[in-house]
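What follows is a single structure, written as structure tokens, with notes after it.
So you know, we letter chains A, B, ... as the sequences are listed, proteins then strands, and number each from 1. Treat the numbers as computed from the prediction; the structure is a model and nothing was measured.
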Amino acid sequence: MKYTVDVLIYLKEGVLDTQGKAVSQSLHRLGFDQLDDVRVGKYIQLAINAQSAEEAKTLGEKMCSELLVNELIEDFDVKVVD
Amino acid sequence: MRVAVIVFPGSNCDRDVVHSLETTVGAEAERVWYESHDLPREVELVVLPGGFSYGDYLRCGAMAARTPVMDSVRRFAENGGLVLGICNGFQVLTESHLLPGAILANRSLTFLCKNCTIRVERNDTPFTALCAPNQVLQMPIAHHEGLFFLPEAQMQRLERENRIVFRYCSPEGETQDAYNPNGSMGHVAGIVNERGNVLGLMPHPERASERILGSADGAFIWNSLHSWLEEGGHR
């Protein structure tokens, strides 16, 4: 079975997000006064051949640990979507 | 002095490193392709050069850190071999966990290509043995991701263990925010591992190793390594 696995990667609390800061400044300039903060992350979509959704998720998590995520600065979520 | 200069897809300072090693200390420097599983025999120094390995995709240095040649570089370092990572090479070293920390986008979010001055914090390393204490070196930086980051507790440990070898500073040698080009924590421009045989720095010594280039200060690093190895230094 082929599964689509979504990976969301966020910068950890306390890690300076210069991109988020710049985007936030621009949004404020556009008049979005309600905006408090912006954090910029990454979205990665994986197509994985696996026996089950659980296996696809485990594989996705393993890919995160081995390459996709730097756990010193990033947190991640892995979700099997179909 | 036998040197292996690793070439990843997207490295672009490898030839400059070879040139400066040959002209300053007469080194025999060989470029080694990233798919190699072994380093050339009797290599005494490995240099990971600057550039944009894998187009800086995902995270700078992340994919280069997971190439076959890096297994050999890791074994080499574990046996006490000298490893120098410059710019993208520094990013590869942190991504390989051969050095602590992560290198994030510059505080300014712009690519910075300019001369800067760095202060030598330690001259008891193979890379700085011929520098005077607190000597100020002028070398260019050229990067978009150069902000050295470590969580606070680990940063304190790095300071305590005296692992910071270069800090950005004013031409007079003072550390000031105005002279910290990328916002690095602790004004860090270069650090060394616990054993002292693996060093990463953002500035480019190979672009400042002869007077015609505006500064010959980078040659202090090549000369230091040369003299360390000549004297049979071991880490």
So for [X], is it side chain, backbone, both, or neither that comes closer than 4.5 Å to the heavy atoms of chain B?
| X | value |
| --- | --- |
| A:Glu74 | side chain |
| A:Lys12 | neither |
| A:Leu68 | both |

Practice prompt. Enumerate the residue pairs fulfilling side chain to side chain donor-acceptor pair (under 3.5 Å) with a member in residues 3-17 of chain B, sequence neighbours excluded, ordered by first and then second residue.
Written response: B:Asp14-B:Arg31
Worksheet item: For B:Leu58, is it the side chain, the backbone, both or neither that has a heavy atom under 4.5 Å from a heavy atom of chain A?
Response: both
Item to complete: Using heavy atoms and a sub-4.5 Å threshold, report which of residues 95-108 of chain B line up against chain A, by residue number.
Response: B:Glu95, B:Gly101, B:Ala102, B:Leu104, B:Ala105, B:Asn106, B:Arg107
Worksheet item: From B:Arg195 CZ over to B:Thr125 OG1, what is the distance, rounded to the nearest 0.5 angstrom?
Response: 14.5 Å
Under 3.5 Å, is there a donor-acceptor pair linking the side chains of [X] and [Y]?
| X | Y | result |
| --- | --- | --- |
| B:Asn182 | B:Tyr168 | yes |
| A:Tyr3 | A:Asp82 | no |
| B:Thr128 | B:Asn123 | no |
| B:His204 | B:Glu206 | yes |

Discussion item. I'd like to know whether CD of A:Gln19 has more than 12 heavy-atom contacts from other residues, nucleotides or ligands below 6.0 angstrom.
Written reply: no
Item to complete: On the 0 to 90° scale, with breaks at 30° and 60°, tag the B:Tyr34-B:Tyr54 ring pair as parallel, tilted or perpendicular.
Response: perpendicular
